[in-house]
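Report on the structure given below.
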Number of protein chains: 2
Amino acid sequence: MTFSYKYERPALAVDCVVFGLDDDDLKVLLIRRDIEPFQGRWALPGGFVRMDETVDEAAKRELVEETGVGRVFLEQLYTFSALDRDPRERVVSVAYFALVNLSDHRVKAATDAREAAWFATSDLPALAFDHEIIVDKALERLRGKVRYQPVGFELLPPKFTLRMLQRLYEKVLEKALDKRNFRKKVLAMGLLEELDEVEQDVAHRAARLYRFDKKRYRELEKQGFDFEL
Amino acid sequence: MTFSYKYERPALAVDCVVFGLDDDDLKVLLIRRDIEPFQGRWALPGGFVRMDETVDEAAKRELVEETGVGRVFLEQLYTFSALDRDPRERVVSVAYFALVNLSDHRVKAATDAREAAWFATSDLPALAFDHEIIVDKALERLRGKVRYQPVGFELLPPKFTLRMLQRLYEKVLEKALDKRNFRKKVLAMGLLEELDEVEQDVAHRAARLYRFDKKRYRELEKQGFDFEL
DNA sequence: TGACTTAGTGTCCGTTTGACACCATTCTTC
DNA sequence: GAAGAATGGTGTCAAACGGACACTAAGTCA
């Protein structure tokens, strides 16, 4: 069965740039392509949009199907439409990006039928299609967002230390931050709930754990509060 | 002649939200639809993407064809894909937005074959499709941009007074600004070139004219300078 | 020439930002 | 159990910035 149209149409696809944070690095989730074109190369998870779903839904579906990563906030990034971005035929792709706590998703991704893995953004392999361009755009957006939104809590486990949070910001912004000033600022925002717990199994003094106060965030957001860091 | 595909595909379109500044108001450029659906209603300029052009090119082309507005910096805004956004069939639309100096474009738009006109954003007519949602998204983006980029010079004539610039910011941000603080800040950015001219034909003391120093802007931008206002 | 309208200018104060160094705690190793 | 290694946790000061605030100057019009 085929579908016929009076005018030629490009195919419509989605691609997802999913960032995770590792002890060492900001990472991106990639899958290895098992079909041509670019068979064997690493690529962003994604696929074609179906007629009974929005583009947002397609992105979410493809991400789960190909990597097992679900329950993620996907934000639309940009639509890529260069004429030759797919060698087979004209494909326009709507890119999405998401932040996840890598430790939640490390195993799932690796055990899925398709080969999926995390790669440090600073050391990516050659990617299929125009996916390098898409990743660059996503990084740019992440850097922009991080400056005026308390983004990045998604990248950490539910309970985290201030040092972990600082390292995250340093990775994303690619610059060192002063410990005292960072703590002062981030605590002053009032979005962190101090827990009566400390991290475990570290070979030095254990740091206090904090939790992101989502409820308070939503309250302040509603009041047009500014979260510039 | 028809085109057949193995899988069903949505049609792909573009829509343009073009903002202009009037003495009184922030305005949007609309065209009146001359065919069904929504015949007779006002809508954003736009149309279907061709196979030999990128989405960016399609937006630019449609804008010129339907309104005569050209030489404009169009920035991609968002891709809209609700299943029922077009009553005829599934259409996914990539929206763009642009800022233009309204006085340059007032006449052209009005004399084009299709009926085109500027409407105050605060007083829009009922729009076709989901175009109200698109305009809202564009306004949100404009407000976001204006805070950290010296956006908006595009909305003014090449030579403008500081008062005009301030009014622009007040319209976009929807709040009053202090004259002295505004001037202090905007001049401190060093992006304005003071001219040896004053405005003409005003019924009071004439204000000095300034010009936006694009060259300097690009220099500072390259150095990662911050233009928060 | 007087009334009206907008242009143009500076100070002060409270807040924020960024630079900067030391002791505390816990674990490891000898 | 003492010393060492690693990281946690804390405060001050000075400079820059942001926001509140009011008057004189210049030009037009009647």
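Proteins come first, then strands; the chains are lettered A, B, ... in the order of their sequence lines, and each starts at number 1. Nothing here was measured: the structure is a model prediction, and the numbers come from that model.
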May I have the distance from A:E194 (atom CD) to D:dG8 (atom P), rounded to whole angstrom? 15 Å
Find the distance B:K185:NZ to C:dT9:C1' and express it as a whole number of Å. 18 Å
Gap between atoms CG and P, on A:L187 and D:dG9 respectively (whole Å): 10 Å
Strictly below 4.0 Å, N to O, side chains only: are A:E57 and A:R61 in salt-bridge contact? no
Per-nt protein contacts along nucleotides 21-30 of chain D (heavy atom under 4.0 Å; B base, S backbone sugar-phosphate only, - none) come out as BB--BBSS--
What is the distance, to the nearest angstrom, from the CZ atom on A:R163 to the P atom on C:dT25? 19 Å
For a quick test of reading the model, state the closest non-hydrogen atom pair linking B:L124 to B:F119 and the distance between them. CD2-CB, 3.7 Å
Whole-Å gap separating P (C:dA24) and CZ (A:R208): 18 Å
Nearest-Å distance for atom pair OH/C1', residues B:Y169 and D:dG19: 18 Å
Round to a whole Å and report the spacing from CG of A:L162 to P of D:dT10. 9 Å
Check A:R143 with A:E174, please: is the shortest side-chain N to carboxylate O separation under 4.0 Å? yes
Under the salt bridge (Lys or Arg N to Asp or Glu O under 4.0 Å) test, residues paired with B:R41 that sit two or more places apart: none
Looking at every non-hydrogen atom in both residues, tell me the closest pair between B:L30 and B:P45 and how far apart they are. CA-CD, 4.4 Å
Take atom CG of A:L177 and atom C1' of C:dT17, then tell me their distance rounded to the nearest Å. 13 Å
Looking across every strand, which nucleic acid part, if any, lies under 4.0 Å from B:R183 by heavy atom: base, sugar-phosphate, or nothing? base
Quick one: closest heavy-atom pair of B:F182 and B:L162, and the distance? CE2-O, 3.9 Å
